[in-house]
Amino acid sequence: MIRYIRWCAYFCALLLVALLVNLARVQIRESAGYAANPANKRPAIARYAQPRGDILVDGRPVTGSRDSGQLLRYERTYRNGPLYAPVTGFSSQTYGTSFIERAEDAILSGTDPGLSVFPLWYELSRGRPPGGDAATTIRAGAQLAAYTGLAGKRGAVAAVEPATGRILALVSSPSYDPALLSGTGVRVQEAWARLNADPARPMLNRALRETYPPGSTFKIVTAAAALDSGVVSDVDAPTRTPDPYPLPGTSTLLPNVSTGCVDASMAEAVQWSCNTVMAKIGVQVGLRGMVEAARRFGFNDDDGLYVPAWVSRSNFDTDMSPDQLALSAIGQFNTRATPLQMAMVAAAVANGGEIASPHLVERTTQDDGSPVRRGDRRSLGRAMSPGTALRLQGLMVKVVEKGTGKNAAIPGAVVGGKTGTAQHGVGNAGTPYAWFISWAKAKGAPLPAIAVAVVVEDAAAHRGDISGNSAAAPIARAVMQAALSARGTGPPARGRDR
């Protein structure tokens, strides 16, 4: 009898071991698969069981949470949703997240280990700390000025602080209200379908994701390449350029819209935006020199730029004939750039040639304001020598004071700028894109406070470089004025109010 009891005990022990092995398999090896199973609703229920942390502008929340009373309890809400949509993105219980809502999801949802001194405790208790906050670098005044200036026209504005890379404004127009996508049900699905079917593409972040031919604003890159390479040593010397200019190896003549470009100097060519002079200078610099100069400014970046949302790659072709190079040197042919990229071009000039990596998140904190991480300044390298940057600053100031960019002038401030018009479409039949890039500093200030790029897609403009002055420069001026007026004022202290 004792022998049978012993065998029964062995069998029970074997069953217990098998149970423990299977339990370990389920808990360790198979747990990720069960968690990701669409039929498992527990992760979604837990994710929306508490309010989401906030995204802050000037220390104030532009997001919130609403108790829906549903199984997925808390829905995202937005204050001035269309104004800040290119910054916040959306947080949808149906369609996921985008932009800062995605990049800082772990902080906002409360799953980031840095939100707790004892993260293992929350792991064992299957709980989570309250969602933290993401404080942005955006300045409310500059953002509102850009949004108001575009007034619903298709286009974008990107503004950065040259010395630090902080993004001060990021606007895409037309915009949309992310709150339309927050919850679940037919209403959200209909809004998603409507927004994606809209030919104006309101959900496209034009400031980061759309690339445009930069037109004559790219002449700043060409001028920097010419000065750094020694092709131009005296910016005031005549260039012996005819008007029109025969594109190398072809019978095609490149004209100017501006007058007085015959034999103009590079300084005059920047001031009056002479296509002929800058195209010839680009050919003299050569393909290799122009490609290298564009790369230093951030074009052709295969590693990608993240702010922390990803930014589309700006392009300057690396294999071109001389006539194609001439067109590329004035921002045409296949040259394409995001508005943020062109803001970085202006910022490089304003910052003595160095480009600070642009970023949108200043810091992340716990719900009580305790710091988790800071967005430290990082350099992307030097786009040009300090001497070249200083000379280009002077040329850009002349554009605003005496040239094609007079509409960007701000009393009591030093402003440098560059107009541009980019032709596009089959046979250049499309309405030209109006561009303006600029920087500004208060008189007596050691460094410029802001660099801006504005593009207006559907501007009613003549097909000339000067059109950026009427359509885009006033928007840039308003953004720069807002940044200068807010200079030196810090964000107010904020306590969590749930």
Side-chain angles (χ1 to χ4, degrees), residues 213-294 297 316-317 320-335 345 349 384 388 391-405 416-423 428 432 435 437 462-469:
S216 292
T217 59
F218 189 81
K219 291 173 183 175
I220 297 300
V221 177
T222 302
L227 289 169
D228 273 347
S229 65
V231 167
V232 173
S233 56
D234 182 359
V235 297
D236 296 312
T239 57
R240 296 175 180 163
T241 306
D243 183 6
Y245 168 65
L247 293 178
T250 74
S251 58
T252 302
L253 298 177
L254 178 67
N256 288 300
V257 174
S258 302
T259 58
C261 290
V262 176
D263 200 26
S265 66
M266 190 174 80
E268 293 169 325
V270 172
Q271 181 178 345
W272 298 110
S273 207
C274 298
N275 290 335
T276 52
V277 174
M278 299 310 297
K280 180 182 177 182
I281 287 175
V283 173
Q284 290 174 332
V285 172
L287 178 61
R288 183 175 179 180
M290 285 298 300
V291 168
E292 180 58 25
F297 275 94
F316 187 84
D317 274 5
M320 291 181 281
S321 60
D323 59 310
Q324 293 169 340
L325 177 60
L327 294 175
S328 296
I330 60 172
Q332 297 288 351
F333 190 54
N334 288 334
T335 305
V345 169
V349 174
M384 71 196 94
T388 292
R391 282 189 278 186
L392 287 180
Q393 286 177 17
L395 298 185
M396 293 181 74
V397 168
K398 281 188 177 181
V399 170
V400 174
E401 291 182 347
K402 302 177 181 179
T404 61
K418 182 69 191 78
T419 53
T421 299
Q423 298 179 355
N428 292 331
W435 276 94
I437 64 171
H462 296 294
R463 294 168 183 261
D465 297 321
I466 201 169
S467 66
N469 182 53

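Every heavy atom of this structure was used, including side-chain atoms; hydrogens, water molecules and symmetry mates were not.
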- Query: Strictly by modelled atom types, are S216 and S273 linked by a side-chain donor-acceptor pair under 3.5 Å?
  - Reply: yes
- Item | Residue pair L392 / A224: nearest heavy atoms and the distance that separates them | CD1-CB, 3.7 Å
- Query: Checking side chain to side chain contact (heavy atoms under 4.5 Å, CB included) for the pair V235/L227: CA distance, chi angles, key distance, verdict?
  - Reply: CA-CA 8 Å; V235 297; L227 289 169; 3.7 Å; yes
- Minimum heavy-atom distance G416-V400, with the two atoms named: C-CG2, 3.8 Å
- Can you list the steps and then say if I220 with V349 is a side chain to side chain contact (heavy atoms under 4.5 Å, CB included)? CA-CA 9 Å; I220 297 300; V349 174; 3.8 Å; yes
- Aromatic ring centroids of F316 and F297 under 6.0 Å? no
- Measure the CG-CZ distance between D234 and R391 for me, rounded to the nearest 0.5 Å. 8.5 Å
- Query: Does V399 reach the side chain of V270, with side-chain heavy atoms less than 4.5 Å apart?
  - Reply: yes
- Query: Where do C274 and E268 come nearest, in terms of heavy atoms and distance?
  - Reply: SG-O, 4.3 Å
- Intermediate values then yes/no, side chain to side chain contact (heavy atoms under 4.5 Å, CB included), S328 and M320: CA-CA 9 Å; S328 296; M320 291 181 281; 3.0 Å; yes
- Query: Do any N or O atoms from the side chain of K280 and from the backbone of T239 form a donor-acceptor pair under 3.5 angstrom?
  - Reply: yes
- Nearest 0.5 Å please: distance from the CG atom of D323 over to the CG atom of L254. 11.0 Å
- Task: Taking all non-hydrogen atoms of both residues into account, name the closest pair between A226 and I281 and its distance.
- Result: CB-CG2, 3.4 Å
- Note on the structure: Only residue of N275, N256, V262, T276 satisfying side chain to side chain contact (heavy atoms under 4.5 Å, CB included) with Y245 is T276
- Message: Would you compute the distance between atom CD of Q284 and atom OG1 of T241 and round it to the nearest 0.5 angstrom?
- Response: 7.0 Å
- Query: When rounded to the nearest 0.5 angstrom, what is the spacing between NZ in K398 and CH2 in W272?
  - Reply: 11.5 Å
- Query: Which atom pair, heavy atoms only, marks the closest approach of L247 to A326?
  - Reply: CD2-CB, 3.8 Å
- Measuring from F333:CZ to L325:CG, what's the distance to the nearest 0.5 Å? 10.0 Å
- Message: Less than 3.5 Å apart, any donor N or O on the side chain of T419 or N469 sitting next to an acceptor on the other?
- Response: no
- Heavy atoms of A223 and M278 approach each other most closely as N-CE, 3.9 Å
- Item | Flag, side chain of W435 to backbone of K418, donor-acceptor distance under 3.5 Å | no
- Message: With a 3.5 Å distance limit and no angle check, can you tell me whether Q271 reaches the backbone of L395 through a side-chain donor-acceptor pair?
- Response: no
- Message: To the closest 0.5 Å, what do you measure between CD (Q324) and CG (D317)?
- Response: 7.5 Å
